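Right, one structure below, let's go through it.
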Amino acid sequence: MDTLDLELFDMGGEWLVGVLRNAPRLPSDVRLEINQREKPADSLIRSILDIRAGGARRCYILFRRSGRSRQPVGRLWLRGTGLEAEALPVRPLASLAEAAGALGEKLCLSLVSFLVKEAAPRFGLLARGRDTAALQGLLRSLATAHLPVVYHADLSKGKHYVEARLAVPDMRPVTILSIGEDGARVTQTRPVEISRIANGDCLQGLFLTGQDGQPLKNELVVMIQADRMLTIGSPGVRGTSLKAFLGRIAPYTPAVHMQLREALGGLTGPDDPFGPVFAWMQRLQGLAVKASAEAAAPFGGGIDFAVPCGDAGIFLRGWLWDPHKAIERFDVVSAYGEKIPVLDRMIRIDADKVGKHFQRNGFPQLKEKPGFVAFLPMAKGARHGLQTRAELDFAGGVKIDLLSPVSQMTARQARDLVLQSLPRDRLTPEIFETLYHPALSALQADCLAGKRIDRVIAFGPSPARPRVSIVIPLYGRYDFIRAQWLRFAFDPDLANADLIYVLDKPEDAAQVESLLRGLHLTFGVSCRLAVNAENYGFAGASNLGASLAVAPMLLFLNSDVVPMGTGWLGRMLDFYRATPGIGLLGPKLLFPDGSIQHAGLYFIDGIVKWWLNGVYHKGYRADWPAAGISREVPAVTGACMMIARDKYAAVGGISEQYVIGDFEDTDLSLRCRRQGWRNWYMADTALMHMERASIEGHSSYSQAPVDAYNGWLHTTLWGDDIAALQAEIAGGDSRLQVA
């Protein structure tokens with residue numbers, strides 16, 4: 001059994017830290033025991049090889065004793081596979097501030113690095129001022145020199161920038177610790193060399209994370225860099241403003257600008273309150289786009305756009321001209337300084353202008369298409385990184401830097417651009433999974449984040465106790481509203497309905513308000529108009545409308561669905577209440593020519609690589625016998641579907657994962673089935689439906705393969721359930737047969 005000399009120090013708050021100057025190799029299952037088999041409440045053990053001390057193995061032991069422990073620490077035991085070592089304190093317990101004299105400067109610096117980088121984040125040692133006094137005392141004794149700061153800017157939201165003038169530049173990584181009686185902040189970063197000054201000195205820039213607003217009480221700021229520790233500034237001194245900082249760096253070269261931006265981005269995480277300021281700085285001081293497009297050169301490249309996709313990553317489109325296959329490396333460097341390889345993630349696309357530009361010099365034709373798109377996942381998040389750099393390495397040591405434009409797009413614009421990035425004939429499940437979905441799911445979530453109704457306008461008094469709330473989303477096409485009202489106005493059932501129109505295109509609010517006001521004055525039907533703050537798509541608008549509902553039943557109705565008579569609503573309500581275990585109910589829908597548009601939905605495979613929705617008896621005459629029977633069906637259309645409000649809430653409403661509108665109805669139908677409820681088609685009520693007329697005016701829908709993406713997503717989420725359901729049909733379940 002080994003006996004080891006232990007230097008033991010009191011950190012306060014029941015925490016002790018020990019140092020073994022000459023420690024054994026520790027097994028992975030090493031554990032700590034105190035005195036006679038006492039187990040610590042918390043502990044962390046780390047060993048390192050100290051090259052500066054001739055390769056000696058050092059060991060740091062941090063532990064916290066239970067509040068019930070009263071016996072002083074007489075010895076520690078390290079036990080594990082092949083190890084049983086006894087560590088004895090070499091002197092009485094001392095405070096951590098005394099470690100500098102006991103251990104020496106270099107070993108103390110290593111101990112501080114262990115406490116700050118590993119122990120503090122794991123145990124929250126420095127949070128809210130806990131246990132800072134002992135460490136602050138040690139830092140004061142170690143940091144005997146000062147960093148020669150010549151400029152300090154408080155950038156807001158806890159971010160600071162300092163410039164220092166040094167005789168010899170030092171680009172090694174640094175840890176900056178801001179510590180006071182009421183808390184601490186730790187920054188790990190790298191300096192940026194800004195310029196050489198006339199007398200040969202070097203000007204360096206450093207970013208750090210500190211306190212936002214008032215400085216920490218009795219704040220000490222130190223920089224730990226390899227084997228030295230320096231104090232920065234003076235406690236309580238605040239620097240100049242963000243505006244002054246931007247003026248300060250304006251004369252610096254674009255390369256320095258980029259380094260400073262990436263260093264600052266390296267301190268800005270996804271949830272950092274400084275993120276919006278970081279994005280604003282990029283817009284305000286966007287660097288010039290950089291490409292390599294010399295027609296006489298044998299290679300080139302450029303980035304058309306780099307779109308942040310929430311916190312998931314970057315969607316990139318660009319081009320490469322490389323007829324000789326000379327590219328060895330292509331990495332994108334985000335505004336956060338994160339580097340991501342691109343070559344294995346690219347999907348090649350046409351870029352005719354690039355080919356025409358380069359082929360004038362007579363170089364060989366490309367074997368691949370010059371354009372590309374790629375989605376680059378990022379560990380740190382990309383939300384506030386609006387300008388992206390790329391590094392291209394070619395054979396022979398040629399290196400090229402590229403720089404994208406600053407992204408000025410909203411989440412909706414970015415989503416639509418991603419959707420249109422590939423032609424429909426290139427789309428495969430693999431491309432959806434690796435390219436489209438990571439980008440679109442993040443952008444769709446951003447489009448719906450904070451969704452809200454801007455205002456609600458009432459036309460007439462609402463019924464006191466409505467039997468059903470009818471939710472009708474509106475977008476772009478409003479000519480069907482008049483046709484609906486011609487039926488609503490003369491149907492007694494509508495007098496006891498809570499009619500809610502949801503306008504998903506707020507810029508048309510004046511037009512729609514005027515239309516509904518005129519219809520109300522003409523026909524006397526009461527309704528409400530909810531004007532959304534932004535465009536949220538079918539699901540978002542429907543869910544917002546449902547949030548206003550007061551009736552126990554919900555009916556989701558498209559604006560292009562027009563009743564063909566009276567009494568239809570009462571019959572649907574009666575059918576729903578008389579059918580045990582029902583989830584969704586959909587009526588018969590007819591095309592304007594009288595043929596069947598909907599008599600229940602099922603699922604079709606074999607046409608594309610994902611399940612499609614099929615319609616029972618679509619295009620058959622309205623009186624087709626099989627369509628005249630009310631029965632259970634796998635799903636019903638969202639054009640007209642009824643559900644109890646409590647069941648709607650139980651399944652989480654209409655899914656908002658799908659873009660703009662498609663497959664939300666079958667998704668809801670399948671969630672009802674998963675709850676054990678069944679979906680029904682009702683044959684003795686018919687309405688007319690101008691299919692897709694209410695959505696095809698949406699430019700983002702009509703110009704992009706939205707249906708293909710939504711179909712793939714629907715199959716990804718529900719493929720197993722659909723296959724099992726279709727197997728029931730194939731197996732002869734008469735309730736679900738396609739008659």
Side-chain angles (χ1 to χ4, degrees), residues 153 155-161 173 187-194 205-209 242 245-246 248-250 252-291 301-318 330-342 345 374-392 400-411 413-414 417-418 438-439 442-443 446:
L155 307 182
S156 79
K157 308 297 182 183
K159 295 294 184 290
H160 297 260
Y161 172 73
T187 306
Q188 296 187 36
T189 186
R190 283 182 179 272
V192 174
E193 183 176 343
I194 295 169
L206 271 175
F207 293 98
L208 62 142
T209 299
L242 176 61
F245 163 74
L246 294 176
R248 171 86 177 186
I249 68 172
Y252 297 163
T253 66
V256 170
H257 268 269
M258 206 68 222
Q259 291 180 63
L260 288 171
R261 179 179 294 174
E262 290 171 8
L264 179 56
L267 304 184
T268 307
D271 299 321
D272 195 315
F274 188 75
V277 181
F278 184 49
W280 176 78
M281 289 170 62
Q282 293 168 77
R283 292 190 182 99
L284 193 65
Q285 291 199 327
L287 301 177
V289 175
K290 188 176 181 182
I303 301 174
D304 297 329
F305 63 78
V307 176
C309 300
D311 295 322
I314 298 172
F315 189 90
L316 195 72
R317 190 181 77 189
F330 180 17
D331 293 338
V332 156
V333 184
S334 77
Y336 299 91
E338 185 177 348
K339 186 176 289 188
I340 312 104
V342 182
R345 293 185 168 94
F375 176 77
L376 308 177
M378 301 182 66
K380 188 161 188 178
R383 182 178 304 280
H384 302 299
L386 305 185
Q387 192 167 31
T388 298
R389 181 169 62 89
E391 299 172 347
L392 272 170
I400 294 175
D401 261 14
L402 309 176
L403 197 59
S404 76
V406 176
S407 176
Q408 304 279 9
M409 290 179 241
T410 65
Q413 292 170 329
L417 192 63
V418 169
L443 292 169
D446 275 1

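Just the heavy atoms: all of them, side chains too, but no hydrogens, waters or symmetry mates, feed the values below. Throughout, numbering of the chain's residues begins at 1 and tracks the sequence. Remember, it's a predicted structure, so these values are computed and weren't measured experimentally.
Atom CG of residue L260 and atom CG of residue L206 lie 10.0 Å apart, to the nearest 0.5 angstrom. Interatomic distance, CG of L316 versus CZ of F375, reported as 11.0 Å (0.5 Å rounding). Taken to the nearest 0.5 Å, the CD atom of Q188 stands 10.5 Å off from the OG1 atom of T209. In this structure, CG in L208 is found 8.0 Å from CG in L267, a value given to the nearest 0.5 Å. Atom-to-atom distance recorded for S334:OG and K339:NZ is 11.0 Å, nearest 0.5 angstrom. In this structure, NE2 on H257 lies 10.0 Å from CD1 on I194, to the nearest 0.5 angstrom.
In this structure, G385 and A335 approach most closely via the heavy-atom pair CA-CB, 3.7 Å. The minimum heavy-atom distance linking A288 with L403 is given by the pair O-CD2, 3.4 Å. Considering every non-hydrogen atom in both G302 and L402, the closest pair reads N-CD1, 3.8 Å. Shortest non-hydrogen contact noted between P254 and L287 is O-CD1, 4.0 Å. When every heavy atom of F330 is checked against every heavy atom of A390, the shortest pair comes out as CE1-CB, 3.6 Å. Contact record, G301 with L392: CA-CD1, 4.5 Å, taken as the closest heavy-atom pair.
The closest donor-acceptor contact from the side chain of Q282 to the backbone of V406 lies at 3.5 Å or more, if one exists at all. Judged purely by atom type and a 3.5 angstrom limit, S404 uses its side chain to pair as donor or acceptor with the backbone of T388. Listed for the E338 side chain is no donor-acceptor partner under 3.5 Å among the backbone atoms of M378. When atom types are taken as modelled, the side chain of T268 and the backbone of G275 share no donor-acceptor pair closer than 3.5 angstrom.
Counting heavy atoms from C-beta outward, V277 and L155 have side chains that stay 4.5 Å or more apart. Proximity of L376 to V342: side-chain heavy atoms (C-beta onward) are separated by under 4.5 Å at one or more points. Using a 4.5 Å cut-off on side-chain heavy atoms (C-beta onward), P438 and P377 make no contact. Looking at heavy atoms from C-beta onward, M258 lies out of side-chain contact with D401 at the 4.5 angstrom threshold. Using a 4.5 Å cut-off on side-chain heavy atoms (C-beta onward), Y252 and V192 make no contact.
For Y161, the side chain to side chain donor-acceptor pair (under 3.5 Å) criterion is met by E163, not counting sequence neighbours. Under the ring-ring contact (aromatic ring centres under 6.0 Å, His included) criterion, F315 pairs with no residue at all, not counting sequence neighbours. For F274, there are no ring-ring contact (aromatic ring centres under 6.0 Å, His included) partners two or more places apart in sequence or in a different chain. Legend: residues meeting ring-ring contact (aromatic ring centres under 6.0 Å, His included) with F278, ordered by chain and number and at least two apart, are absent. Listed by chain and residue number, nothing satisfies the side chain to side chain donor-acceptor pair (under 3.5 Å) test with Q285 (two or more places apart in sequence, or in another chain).
Note on residues 259-276: pairs passing salt bridge (charged side-chain N to carboxylate O under 4.0 Å, His left out), not counting sequence neighbours, are K159-D272, E262-R389.
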